[in-house]
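Order of the sequence lines sets the chain letters (A, B, ...), proteins ahead of strands, with each chain counted from 1. Note that the structure is predicted; figures quoted are calculated from it, not measured.
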Amino acid sequence: MSSEDFPTDRPAVVTCGLPYANGDLHIGHLRGYISADAFNRALKTLGQQSAYVCGSDMHGTPVAVNAEAEGVDPETFALRWHDQYQETFPQFNVEFDNYGHTHDDTNTALTQDIVRTLDEEGYVYEDAVLVAYDPTADDYLPDRYVEGTCPYCGAHARGDECDEGCQRHLEPGEIENPTSVRTGNPAEYRERTHKFFRVSEFADFLTDFLDGLEGTSNARNQPRQWIEEGLQDWCLTRDMDWGIDYPGSEDEDIVLYVWVDAPIEYIASTKQYTERVGAEAYDWAEVWQHDAGGEIVHIIGRDIIQHHTIFWPAMLEAADYNTPRGVAATGFITIDGKGLSTSRNRAIWAKEYLEEGFHPDLLRYYLTTTGGLQQDVDFTWTAFQEKVNGELVGTIGNFWYRSLLFAYRNYEGTPDVAVSSDVEERIEGAIGAVRAGVNDYSLRDVGLAATRLAQFGNEYIQQHEPWKLTDEDPEQAAQVIRDCVQIAKAVGVLLEPIAPDKAQALWEQIGETGSVADAHLEDALEAPPRTFDEPGEIFEKIEDDRVEELEETLEEKIAAASEDDEDEGASESEAETETDDTADDEAPRMDDDTELEPLATDRISFDDFQDLDIRVGEIVVAEGIDGADDLARLEVDIGLETRQVVAGIKRLHDLESLPGTRCILLANMEPAELFGVESNGMVLAAGEAADLLTTHGDAGLGEKVR
RNA sequence: UGCGGGAUAGGAUAAUGCAGUCCACGGGGCUCAUAUCCCCGAGGUCCAGGUUCGACUCCUGGUCCCGCAACCA
């Protein structure tokens, strides 16, 4: 089943996944917001009426827990992030027509309205579920804050998903031997009444829905597998007080699951947009109402495909709303070939990028044209430099500048002749490529259509050598430059969705007024104004030494983050792969297949060393941490006091034999929490095998190592 | 022994019937242009089978890589 190509005569809405109001934005997030923004802009250049809406995702356990940790109420906490996001988006030329949040009145009312409809239509039933409860902390433990044993495959699993074993989605109460992630306490199950949505009844509907769904293939294929395995009904409520109340249950300590109200923000935000600009300008009902048939396009990360292709369309159908036309799931971003990790600081933060002084359009171009939407894209500063210097500076910028400068010097603007038909056809071809790119949900094709047209421009000017023709054949020279100016303008129009600022700069240089964002693709063929001023350079080259610095800074910051927890929390995950099936491997092993890390070349000062407070200690208690494969909780006597630390040594050491052992402890390590257990120091150990360091003589407990 | 994604030239990235594009590399050219641009060249489908007139593409088996604990799209 295929939909009518864009543009259609119905309004469209484009959304990106809602930013979760719980932390700073990095380029992984930005990829989504930028892609959706570019897609929305591209739709508009095709002549499609379209709005780009989004909002902050305010609810859920992590927000509640982190707010509590900071001693503020969840709303204040989440709003702080919300404000920060709103400031950040424009700095990347991400322009929402409306940006709300899930806790605002519009979304609250709409969510309750939709849930009420689901209930009234008979799609909701009540059922008693066993909810994990931490008796020590007097705390009900929702989904993510429980871990235990998967009832299906027996693997260790998270409360909402068997992440290490069979990958199944787990409903509350399913997991066996639950423990609290927050305190490590064993949890008990208590019976609570919760609301369930009959998703299982929608299997046929969803199969048809997926058959007609546009976007990326992963967004169609993954949920199909889910449907084949059999859909489970979906628990709509959680034992919490932060969130939107289940309609009619306002008095109870139960709220809607965050994934119920989050996607509804797409509708609520569209509605707010209409309320602001008026229904004549943009009518949300024409998009979202069941029979209106507006074009709904969700651009999301690939980790939330299930929510957008199973629960969400089922909910929309049940509540009698229109369902999405397209779901495009972006791949992830890797940094220097490795997975992005916020905890290890392997990330490029939005703020950092801006502080380096790079123009947002450079990143927009890089992220949208380096790989297909669905592909994982690797970010390196070197690749970024190549892309910018090669394509934006060398191809596009250079073509713009050489054409316009030549035109300005010789004709004070656009030569007064008609564009040649060859060039017109070539531009039409590029317009066609953009149109096809949008309909394929390929921003890469959109961006590259502009670059290829500029490349054609370079070839064209090179072949015709107008600098020779000005004397020999002035008419022909004027023709060539006229063509080049037209190509330059066309490149600007085509590039606008990807690089709006830069396209606008070009637009103004050729003497156009107004905004290039309002231009349609066909305007690429309209003649530019007769005269314009002397052009300037629009893109700036990134120098090699700059890139070296950036790469170094990045490495240092990752190294700094991993040193923090190297021998405690993080390193055992690496040790894991190496020692998995090699139990006979505990003996020192320095044979050929073990690679030693090269020695650090950066020297540190004596003062730096003095900053490390390293003490002699004795392990007094050593016990495993439930649920962790390799983490042990140790109590270490360092003379002055006894410290609790967490160390990744369970797999390689016989914990029972450890008490009484001397060890070396980095005492002024900043505290960390691992598997809910506070670690207040770091036991030093050598290598992947976590060979514990000890003393050779009889140093007293608490003596400083120097 | 799980789940998902992937393997195309030195690197990256396309292709459902001629393996294309960008960077880097070798050679040449231009001077309007930001040492930018243009032309030419060399160089590639992970392995083993199978289907086919034809396989990067489909099938079978294998190898290798990546992501999948902790609030990381």
Side-chain angles (χ1 to χ4, degrees), chain A residues 16-20 22-23 25-33 35 60-63 65-66 144-145 147 153 155-158 161-168 181 218 221-222 225 299-305 329-334 337-344 346-347 369-372 374-378 382-383 386-387 389-391 393-395 397-407 409-410 444-445 448 451-452 455 457-463 465-468 470 481 484 535-541 569-570 572-573 576 627-629 631 672-676:
Chain A
C16 56
L18 308 187
Y20 192 57
N22 189 34
L25 300 177
H26 54 66
I27 59 170
H29 299 108
L30 289 173
R31 181 183 191 184
Y33 314 140
S35 298
T61 327
V63 163
V65 169
N66 290 334
R144 283 271 189 122
Y145 284 81
E147 54 186 19
C153 70
H156 177 256
R158 216 162 69 186
E161 186 189 11
C162 179
D163 47 2
E164 292 171 39
C166 61
Q167 269 329 88
R168 263 181 216 253
V181 174
N218 51 356
N221 297 335
Q222 284 191 28
Q225 202 175 344
I299 293 179
I300 58 171
R302 71 162 192 238
D303 54 334
I304 51 174
I305 288 174
T330 65
F332 288 157
I333 296 283
T334 54
K338 293 181 192 163
L340 187 153
S341 163
T342 53
S343 57
R344 295 186 187 187
R346 179 179 288 283
T369 62
T370 298
Q374 189 175 166
Q375 257 58 54
D376 287 357
V377 164
D378 188 42
T382 308
E386 273 178 17
K387 200 86 177 158
N389 289 359
E391 295 174 31
V393 178
T395 304
N398 184 240
F399 174 68
W400 276 348
Y401 188 57
R402 71 197 296 203
S403 304
L404 299 192
L405 190 64
F406 200 100
R409 282 181 184 162
N410 292 278
R444 185 167 196 270
D445 289 350
L448 293 185
T451 312
R452 292 201 172 115
Q455 191 175 19
N458 276 322
E459 290 164 24
Y460 189 80
I461 198 169
Q462 189 74 28
Q463 275 163 22
E465 301 183 306
W467 46 92
K468 283 185 183 165
T470 42
I481 291 304
C484 287
E537 293 163 3
I538 289 177
F539 290 106
E540 212 176 301
K541 210 171 161 174
E572 85 276 9
S573 62
E576 202 167 46
D629 294 332
L631 293 184
E673 191 177 291
L674 299 150
F675 273 74

Distance check needed: B/rA12 C1' versus A/D376 CG, whole Å only. 14 Å
Regarding A/E459, tell me which of base, sugar-phosphate or nothing describes its non-hydrogen contacts under 4.0 Å with the strands shown. sugar-phosphate
Give RNA chain B the dot-bracket treatment, 5' to 3': Watson-Crick (N1-N3 with N6-O4 or O6-N4) or G-U (N1-O2, O6-N3) under 3.5 Å, [ ] crossing, | other strand. .((((((..((((...[..)))).(((((.......)))))....(((((..]....))))))))))).....
Nearest-nucleotide comparison on RNA chain B, the residue closer to the 5′ end among A/F539 and A/T370: A/T370
Look at all strands and tell whether A/Q375 reaches a base, only sugar-phosphate, or nothing, counting heavy atoms closer than 4.0 Å. sugar-phosphate
Report which part of the nucleic acid A/G60 touches: base, sugar-phosphate, or nothing (heavy-atom distance under 4.0 Å, all strands). nothing
Minimum heavy-atom separation for A/L405 and A/P535, please, with both atom names. N-CG, 3.5 Å
For atom P, what is the distance between B/rG54 and B/rA19, given to the nearest Å? 15 Å
For A/I333, report the nucleic acid contact type (base, sugar-phosphate, nothing); a contact means any heavy atom under 4.0 Å. base
Using a 4.0 Å heavy-atom cut-off, does A/I305 contact any base of the nucleic acid, only the sugar-phosphate backbone, or nothing at all? nothing
NA contact type, A/E391, heavy-atom cut-off 4.0 Å: base, sugar-phosphate, or nothing? sugar-phosphate
To the nearest Å, give me how far apart CG (A/D378) and C1' (B/rG11) are. 11 Å
Dump the pairs, protein N or O against N or O of nucleotides 24-30 of chain B, anything under 3.5 Å, distances to one decimal.
{"from": "B/rG29", "atom 1": "N2", "to": "A/Q462", "atom 2": "NE2", "distance (Å)": "3.0"}

Partner residues of A/D303 under the side-chain contact (heavy atoms from CB on, under 4.5 Å) criterion, sequence neighbours left out: A/F332
Closest contact, heavy atoms only, A/I299 versus A/G32: CG2-O, 4.2 Å
Whole-Å C1' distance, B/rG61 and B/rC18: 31 Å
Looking at A/E465, I want to see if its CD is surrounded by more than 12 non-hydrogen atoms of other residues, nucleotides or ligands under 6.0 Å. yes
Looking at every strand, decide which applies to A/G394 at a 4.0 Å heavy-atom threshold: base, sugar-phosphate, or nothing. sugar-phosphate
What are the two closest non-hydrogen atoms of A/R444 and A/G372, and how far apart are they? CD-N, 3.7 Å
If you look at every strand shown and take non-hydrogen atoms under 4.0 Å, does A/L340 touch a base, only sugar-phosphate, or nothing? base
Ranking A/Y401 and A/N458 by the position along RNA chain B of their nearest nucleotide, the one closer to 5' is A/Y401
Taking only side-chain N and O atoms of A/Q455, does any of them lie within less than 4.0 angstrom of OP1 or OP2 on B/rC22? yes
Looking at every strand, decide which applies to A/D303 at a 4.0 Å heavy-atom threshold: base, sugar-phosphate, or nothing. sugar-phosphate
Using the P atom on both, measure B/rA12 against B/rU52 and round to a whole Å. 36 Å
Using only side-chain N and O atoms of A/R409, determine if any of them is under 4.0 Å from OP1 or OP2 of B/rA33. yes
Assign A/G28 to base, sugar-phosphate, or nothing according to its heavy-atom contacts below 4.0 angstrom with the strands shown. base
A/I27 CD1 to B/rA73 P: how many Å, rounded? 14 Å
Using a heavy-atom cut-off of under 4.0 Å over every strand shown, decide if A/F406 touches base, sugar-phosphate, or nothing. sugar-phosphate
